[in-house]
Amino acid sequence: MEEINELILQRKKKLEELRRLGIDPYGRPYEITHHASEIHEQFKDWDAERLERENITCSVAGRIIAWRSFGKAAFSHLQDFTGRIQVYFRKDVLKDKYSIVKKFDIGDIIGVRGKLFRTKTNELTLLVEDFDFLTKSVRPLPEKWHGLRDVELRYRQRYVDLIVNPHVKETFIKRSEIIKFIRDFLEGEGFIEVETPMMQPIPGGATARPFKTHHNALGIDLYLRIAPELYLKRLLVGGFEKVFELNKNFRNEGISTKHNPEFTMLEFYVAYKDYNFLMDFTEKMLTELVKKIHGTLKIPYGDEVLDFTPPWKRFSMFEAMKMYGVPEEVIGDYEKAREWALKEGIDVKDAFTLAKVLDEIFKEKVEPYLIQPTFVIDYPVELSPLAKRKKDAPELVERFELFIAAREIANAFTELNDPEDQRQRFMEQMKAREMGDKEAHLMDEDFLRALEYGMPPAAGEGIGIDRLVMVLTDSHSIRDVILFPQLRPER
RNA sequence: GGGCCGCUAGCUCAGCUGGUAGAGCAGCUGACUCUUAAUCAGCGGGUCGGGGGUUCGAAUCCCUCGCGGCUCACCA
């Protein structure tokens, strides 16, 4: 995309002038002694006299983000990954080389070396004694006060967003810390990280529509996975007792502030445990995570304060519904439930069973109010074709969902390991699919074969990492926690 | 996919009931060796998202297409 723009032409002209002066505008490695924040950290308590006396020389490299020039001297701020540092150029120090300084533009990347001092206003500053030109920037950056506001540009040109909007970088650093913490925590608990197919012949493990692709050499269609679940459970059959996978899933559905077509999911499985164990485990893992990231268990989210202090509330799905005003008789009767839902203005036109109607009512009447961390447990079997039935209530399964800030953050259950029951559940899903439910699960004979070899009793959980990061970074769109969210191509 | 809102200079934004497209920052030229939204003087910069229509005349009104945001529906 070659555009003719006066500002770009001016900068390209300066680039040629640099070449004429013998400067490589796209430079070489540069040896630094400090990052910007390290200088501030190390010398924050040093006053002007001490800096003068001890004659500290250091070198930093970064992008010029501010420029104030006075003819024979200039102040600038350099920005590196860690922060900003003021630097000071003087003609009497740099002599002939000062003519190059005059060619600098905001956005250029340079390396500087010199003495630290404090200005009249006490700002820690580097008096440049020598510098190397490292990279010419031929495109003008957004302006210094307002930065880049246009959300479309922020997502399309995330590189610019990252340069000029500091909190964006902080969010993604936090994201990295969150993921690292989870990996470390699970490994500390004896879990093994595995990688299972992203391209699957039968997309399973979730109710969702997949992306389809094609393998030429094999001559088969494949699907980008909607979940790794069925493969991870095959590993339980194979003898793994604690496994996890932390990677992307793909779902061919709408895009919204809570949905990106590719998103990051943690799934982990533990043999010989049930969903009660997972609730305690999740509470422990997330509590420690929040403490690590925020240093406290009470964190802001929009206008709310989320309090992660354990123990978290635990209600059954039906209890929760009653608590939020759903009449008891509605919960046990399809016709009554449907009637009540319609009266309340809830869309149940595609809900042909009691469980589906109750699910709709729950989403409308309960979910929006689950601000504080809350486990909702014991779901209808029909909504959970891979979960084990409750012993004393076989129409329910041992399953929980964790809600935080009215978002489903985790979904977990005691795994169904009876191959005959599993086959029945698949059959029912096939029936639903024939009725037009495009998201119903597909029959997976190989998975059933694996169960027939025997999968130990186990519990498994999925945690939506992007949503968790949203909650922990006070982000209100999933696009703010995904570096390059999916957009329509530019035209 | 539906509804609402937006798209004007590199960036952030004005532009009224249709009448010669503006500001700030950034840029260019000049002055200036402790500034930090530096200052002072001068200058340049536009397919007003694209296309079509109405009109003597359209950034402005109408139609259409594109891209985005919010929201509803589906989902995690």
Side-chain angles (χ1 to χ4, degrees), chain A residues 3-11 13-14 48 65-77 84-94 98 105-107 117-123 125 127 137-157 160 163-165 205-210 226-227 248-267 346-347 349-350 359-360 363-364 367 401-403 407-411 437-439 462-468 470 476-479 485 487-491:
Chain A
E3 42 183 293
I4 302 147
N5 173 294
E6 187 195 344
L7 299 174
I8 292 176
L9 290 177
Q10 279 165 355
R11 283 166 174 252
K13 200 174 138 213
K14 285 191 198 171
I65 53 152
W67 190 256
R68 295 175 294 279
S69 141
F70 297 85
K72 295 193 184 66
F75 284 94
S76 174
H77 276 92
R84 297 171 176 185
I85 180 81
Q86 179 165 263
V87 298
Y88 185 32
F89 300 90
R90 291 175 62 107
K91 190 172 186 193
D92 58 4
V93 174
L94 291 165
Y98 196 76
D105 279 313
I106 289 175
F117 72 106
R118 284 192 184 272
T119 63
K120 277 202 283 204
T121 53
N122 213 35
E123 179 163 350
T125 302
L127 174 65
S137 168
V138 295
R139 275 182 191 272
L141 286 171
E143 64 133 312
K144 57 191 171 188
W145 309 345
H146 305 93
L148 188 66
R149 290 261 180 85
D150 184 313
V151 283
E152 182 174 354
L153 281 181
R154 287 189 46 225
Y155 298 145
R156 285 197 197 282
Q157 301 185 33
V160 180
I163 292 168
V164 301
N165 294 326
T207 50
R209 295 164 72 177
I226 54 177
K248 286 199 171 164
N249 289 350
F250 307 86
R251 298 191 184 174
N252 203 342
E253 281 154 2
I255 295 176
S256 78
T257 48
K258 297 193 188 76
H259 304 265
N260 194 62
E262 54 180 299
F263 62 101
T264 302
M265 183 78 141
L266 165 68
E267 283 201 16
I346 299 166
D347 178 13
K349 63 175 181 293
D350 295 329
D359 193 33
E360 292 299 326
K363 278 180 187 163
E364 198 71 26
E367 203 173 303
E401 293 193 326
L402 171 64
F403 292 88
R407 285 173 172 69
E408 184 194 332
I409 298 294
N411 179 23
D437 184 352
K438 288 195 174 69
E439 294 173 351
I463 295 182
I465 295 299
D466 310 277
R467 289 183 179 179
L468 181 63
M470 286 170 71
H476 295 259
S477 169
I478 199 167
R479 298 181 201 100
L487 298 177
R488 278 202 173 79
E490 285 180 81
R491 302 223 300 184

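Everything numeric here is computed off the predicted structure, so don't read it as measured data. So you know, we letter chains A, B, ... as the sequences are listed, proteins then strands, and number each from 1.
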Please state the [atom1] separation for the pair [N] and [M] - nearest whole angstrom.
| N | M | atom1 | value |
| --- | --- | --- | --- |
| B/G68 | B/G50 | C1' | 15 Å |
| B/G19 | B/G57 | C1' | 7 Å |
| B/A14 | B/G6 | C1' | 15 Å |
| B/G66 | B/A73 | C1' | 24 Å |
| B/A59 | B/U47 | P | 13 Å |
| B/C28 | B/G44 | C1' | 7 Å |
| B/G15 | B/A38 | C1' | 31 Å |
| B/U54 | B/A58 | C1' | 10 Å |

Nearest-angstrom distance from the residue atom [atom1] of [X] to [atom2] of [N]:
| X | N | atom1 | atom2 | value |
| --- | --- | --- | --- | --- |
| A/Ile106 | B/C25 | CD1 | P | 13 Å |
| A/Leu141 | B/A26 | CG | C1' | 10 Å |
| A/Phe89 | B/C32 | CZ | C1' | 18 Å |
| A/Asn5 | B/A26 | CG | P | 17 Å |
| A/Gln157 | B/G10 | CD | P | 13 Å |
| A/Ile163 | B/A26 | CD1 | P | 18 Å |
| A/Lys13 | B/C28 | NZ | P | 9 Å |
| A/Lys144 | B/A26 | NZ | P | 4 Å |

Closest nucleotide among [options] to the [X] side chain:
| X | options | value |
| --- | --- | --- |
| A/Phe263 | B/C32, B/U12, B/A76 | B/A76 |
| A/Thr125 | B/C11, B/U33, B/U35 | B/U35 |
| A/Asp105 | B/U33, B/C28, B/A38 | B/C28 |
| A/Arg467 | B/U33, B/A76, B/A26 | B/A76 |
| A/Lys14 | B/C28, B/U12, B/A76 | B/C28 |
| A/Pro140 | B/C32, B/G10, B/U33 | B/G10 |

Practice task
Check whether any side-chain heavy atom of A/Arg479 sits under 4.5 Å from a side-chain heavy atom of A/Ile255, and report yes or no.
Solution key: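 Contact flag for A/Arg479/A/Ile255 side chains = yes.
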Approximate separation, where rounding is to 0.5 Å, of [X] [atom1] and [Y] [atom2]:
| X | Y | atom1 | atom2 | answer |
| --- | --- | --- | --- | --- |
| A/Thr257 | A/Ile478 | OG1 | CD1 | 8.5 Å |
| A/Ile106 | A/Arg11 | CD1 | CZ | 7.5 Å |
| A/Ile463 | A/Met265 | CD1 | CE | 9.0 Å |
| A/Asp359 | A/Lys363 | CG | NZ | 4.5 Å |
| A/Arg68 | A/His77 | CZ | NE2 | 5.5 Å |

Return yes if some donor-acceptor pair links the side-chain N/O of [X] with the main-chain N/O of [Y] below 3.5 Å, else return no.
| X | Y | value |
| --- | --- | --- |
| A/Asp150 | A/Leu153 | yes |
| A/Glu253 | A/Arg209 | yes |
| A/Asp466 | A/Thr264 | yes |
| A/Arg251 | A/Ile226 | yes |
| A/Arg139 | A/Ile8 | no |

Handout entry: Mutual orientation of the aromatic rings belonging to A/Tyr88 and A/Phe117 [parallel < 30°, tilted 30-60°, perpendicular > 60°]
Key =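 Tilted.
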Any donor-acceptor pair under 3.5 Å between the side chain of [X] and the base of [N]?
| X | N | value |
| --- | --- | --- |
| A/Glu123 | B/U35 | no |
| A/Arg90 | B/U33 | yes |
| A/Glu143 | B/G24 | yes |

Problem - Ring-base stacking, A/Phe75 with B/A38 (5.5 Å, 30° cut-offs) - result: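 A stacking contact does not exist, since A/Phe75 is not both close and nearly parallel to the base ring of B/A38.
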Practice task
Flag the pair A/Asp105 and A/Lys14 as a salt bridge only when some basic side-chain nitrogen lies within less than 4.0 angstrom of an acidic carboxylate oxygen.
Solution key: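 A/Lys14 and A/Asp105: salt-bridged.
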Shorter than 3.5 Å, N or O on both sides, protein versus nucleotides 42-47 of chain B: list them out with atom names.
residue	atom	partner	partner atom	Å
B/G45	O4'	A/Glu6	OE1	3.2

Exercise for the section: Go along nucleotides 68-74 of chain B 5' to 3' and tag each nucleotide: B for a protein heavy atom under 4.0 Å from its base, S when only backbone or sugar atoms are that close, - otherwise. Expected result: SSSS--B
Mind checking [X] for me? I need base, sugar-phosphate or nothing, with any heavy atom below 4.0 Å counting as a touch.
| X | answer |
| --- | --- |
| A/Phe117 | base |
| A/Asn260 | base |
| A/Gly147 | sugar-phosphate |
| A/Leu153 | sugar-phosphate |
| A/Thr207 | sugar-phosphate |

Practice task
Report the residue (A/Ala206 or A/Tyr88) whose heavy-atom-nearest nucleotide on RNA chain B is the more 5′ of the two.
Solution key: A/Tyr88
Exercise for the section: Dot-bracket for RNA chain B, please, read 5' to 3', with Watson-Crick or G-U wobble pairs under 3.5 Å on both distances, ( ) within the strand, [ ] crossing, | other strand, . unpaired. Expected result: (((((((..((((.....[..)))).(((((.......))))).....(((((..]....))))))))))))....
Exercise for the section: Taking atom types as modelled, find out whether A/Thr125 and A/Gln86 have a side-chain donor-acceptor pair closer than 3.5 angstrom. Expected result: yes
Exercise for the section: Using only side-chain N and O atoms of A/Arg68, determine if any of them is under 4.0 Å from OP1 or OP2 of B/U35. Expected result: no
Completion exercise
When every non-hydrogen atom of A/Ala206 is compared with those of A/Ala227, the smallest separation belongs to CB-CB, 4.0 Å
